[in-house]
There are 2 protein chains.
Amino acid sequence: MNPVQVLKIGGNIIDDNQALAAFLEAFSSSGSPRILVHGGGRRASEISRRLGIEPKMVEGRRVTDAASLEVVTMVYGGLINKNIVAFLQSKGTDALGLSGADMNLIPAWKRKSGDVDYGFVGDIDPANINSEKLEWLLDAGITPVFCALTHDGEGSLLNTNADTLAAGIARALAAKRPTELHLCFEKHGVLSDMNDDNSVIPELLQSNFIQMKKDGLVFEGMIPKLENAFAATAAGVQVIIRHALDHSTGTRLRIDE
Amino acid sequence: MNPVQVLKIGGNIIDDNQALAAFLEAFSSSGSPRILVHGGGRRASEISRRLGIEPKMVEGRRVTDAASLEVVTMVYGGLINKNIVAFLQSKGTDALGLSGADMNLIPAWKRKSGDVDYGFVGDIDPANINSEKLEWLLDAGITPVFCALTHDGEGSLLNTNADTLAAGIARALAAKRPTELHLCFEKHGVLSDMNDDNSVIPELLQSNFIQMKKDGLVFEGMIPKLENAFAATAAGVQVIIRHALDHSTGTRLRIDE
């Protein structure tokens with residue numbers, strides 16, 4: 001069975017029309033079955049401000065009150081998602097834009113408030129992802145394009161981190177077929193020296209990551225990304241952290257033997 | 001083969017949360033294969049104004065410049081569509097939110113500028129609608145929920161009138177199976193007296209409509225709706241124009257023998 005690729009892209013590429021077009025062209029020319037997951041937080045923040053709603057962030061994560069949920073629903077589910085779909089269609093990729101509510105593909109639950117009340121934020125369990133329906137779409141030659149929205153099954157949409165969503169989808173698919181997860185961003189991989197873009201670690205062992213965290217060598221925003229990614233690795237997913245426009249380098253994750 | 005129902009709802013119901021919920025509950029409890037098509041122009045205009053973009057209308061139709069296209073993409077494709085999908089899922093309907101770009105279901109072309117340049121407005125030909133893919137979704141128990149967006153196949157989304165879209169979809173499906181088109185709005189049907197809500201015409205012949213138009217008895221906004229609807233009737237679709245929350249009355253269209 002062909003390996004399936006789950007690619008995740010974030011704000012830095014989504015906000016750069018030329019880079020996004022280059023990424024999507026390469027994505028379209030891939031022969032593998034594939035799924036795209038996109039964020040779009042910067043665009044959401046910009047539109048939120050234009051609507052007079054000041055975005056609230058805690059530790060780099062959006063606090064999603066009812067007004068912010070409307071904004072991310074518009075921006076992720078509408079503006080970014082549908083434009084990516086239209087572009088991919090123009091390149092011959094039979095894209096289908098999705099949220100986790102569509103076909104109930106990704107059920108979630110609203111996060112309980114702890115120290116911080118993140119509002120309408122959805123946590124997911126990969127075991128609940130409707131992987132059969134995803135396989136059905138892939139087998140029909142359809143390329144799912146997910147925005148970072150899920151739902152609670154009771155009528156409310158929820159905002160879910162795009163890295164988490166991509167890792168969850170990859171884990172759900174890995175039970176049935178070889179699965180790769182490409183976490184694409186503006187760097188060429190995980191860096192051993194945050195100040196040196198050429199210090200890409202080609203292979204990162206989980207034990208190394210734990211040590212690097214202890215030593216304060218991992219950039220804060222990278223920690224949840226890598227924790228999700230190692231959970232996917234442990235579930236049999238081949239994880240590559242790489243630049244959106246460059247396949248030639250990147251960091252592969254590995255669980256210690 | 002079961003008849004398929006294509007239901008179209010517009011702004012007056014979409015803007016009223018309670019009415020929308022009542023409509024969607026009834027929609028969910030129907031046993032027939034069905035497709036929902038929604039507009040959302042009023043909501044788009046409201047959000048457009050909040051973004052500092054004054055909506056431009058000519059003869060009741062939106063002039064869709066690039067900024068307005070972004071707004072309708074957000075509002076139709078994101079805000080309204082994904083919330084309807086989440087609500088339907090909560091009622092046990094396996095909804096899938098779609099634009100015409102998704103799976104290339106509804107190819108369109110940008111309208112040539114005539115007296116008025118409507119901008120990014122898409123015209124459609126029912127013959128180009130991917131009815132096989134729609135049938136495939138319906139046969140899998142999926143309920144497609146269309147927003148009024150199409151695409152030009154060259155990467156651009158287009159704004160298409162929701163009545164036109166619904167009539168086009170019904171015409172495309174009618175070639176293969178019995179198809180009903182329910183154009184739902186705030187009145188109980190086509191009125192013989194615009195000022196009397198109880199003057200619903202139970203059956204409207206095309207010849208009557210032509211005469212009523214000549215006599216100035218048809219409300220302006222109703223004319224393109226009825227022209228589209230009669231084109232669907234001529235293609236074998238059973239068309240009912242009715243109140244969104246009341247099945248008991250309504251106007252059925254008929255082509256003269």
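Chain letters run A, B, ... following the sequence lines, proteins first and then strands; every chain starts at 1. Since we're looking at a predicted model, the values are computed, not measured.
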Asks: Please assess A:Arg50 against B:Ile53 for the test side-chain contact (heavy atoms from CB on, under 4.5 Å), listing each intermediate value before the final yes or no.
Replies: CA-CA 11 Å; A:Arg50 280 173 58 196; B:Ile53 303 158; 3.7 Å; yes
Asks: If you compare all heavy atoms of A:Met74 against all heavy atoms of B:Leu79, which two are closest, and at what distance to 0.1 Å?
Replies: CG-CB, 3.6 Å
Asks: Which atoms of B:Ile84 come close to chain A, meaning under 4.5 Å heavy atom to heavy atom: side chain ones, backbone ones, both, or neither?
Replies: neither
Asks: What do the steps show when you test A:Lys133 against B:Asp94 for side-chain contact (heavy atoms from CB on, under 4.5 Å), and what is the final call?
Replies: CA-CA 11 Å; A:Lys133 285 184 183 170; B:Asp94 198 6; 2.9 Å; yes
Asks: Considering non-hydrogen atoms only, spot the tightest contact between B:Gln89 and A:Met103 and give its length.
Replies: NE2-N, 3.4 Å
Asks: Can you see which heavy atom on B:Ser90 is nearest to which on A:Gly155, and at what distance?
Replies: CB-N, 3.3 Å
Asks: Please determine, among B:Thr93, B:Val75, B:Ile47, the option with the most heavy-atom pairs under 4.5 Å with chain A.
Replies: B:Ile47
Asks: With a 4.5 angstrom heavy-atom cut-off, is it the side chain or the backbone of B:Leu51 that approaches chain A, or both, or neither?
Replies: both
Asks: Say you draw a straight line from OG1 of A:Thr73 to CG of B:Asn81; how long is it, rounded to the nearest 0.5 Å?
Replies: 11.0 Å
Asks: Determine, stepwise, if the pair B:Lys82 / A:Asp102 fulfils side-chain contact (heavy atoms from CB on, under 4.5 Å).
Replies: CA-CA 8 Å; B:Lys82 296 305 173 192; A:Asp102 294 292; 2.7 Å; yes
Asks: Heavy-atom pairs under 4.5 Å with chain B: which of A:Leu69, A:Asp152, A:Val71, A:Ile142 has the most?
Replies: A:Ile142
Asks: Supply the atom-to-atom distance B:Lys91 NZ to A:Glu154 CD, rounded to the nearest 0.5 angstrom.
Replies: 10.0 Å
Asks: Relative to chain A, which of B:Ala21, B:Gly153, B:Ser156, B:Gly52 shows the most heavy atom pairs under 4.5 Å?
Replies: B:Gly153
Asks: Take atom CD of B:Glu54 as the centre, draw a 6.0 Å sphere, and report whether it contains more than 12 heavy atoms from other residues, nucleotides or ligands.
Replies: yes
Asks: Out of curiosity, B:Asn104 CG to A:Leu96 CG, how far, rounded to the nearest 0.5 Å?
Replies: 12.0 Å
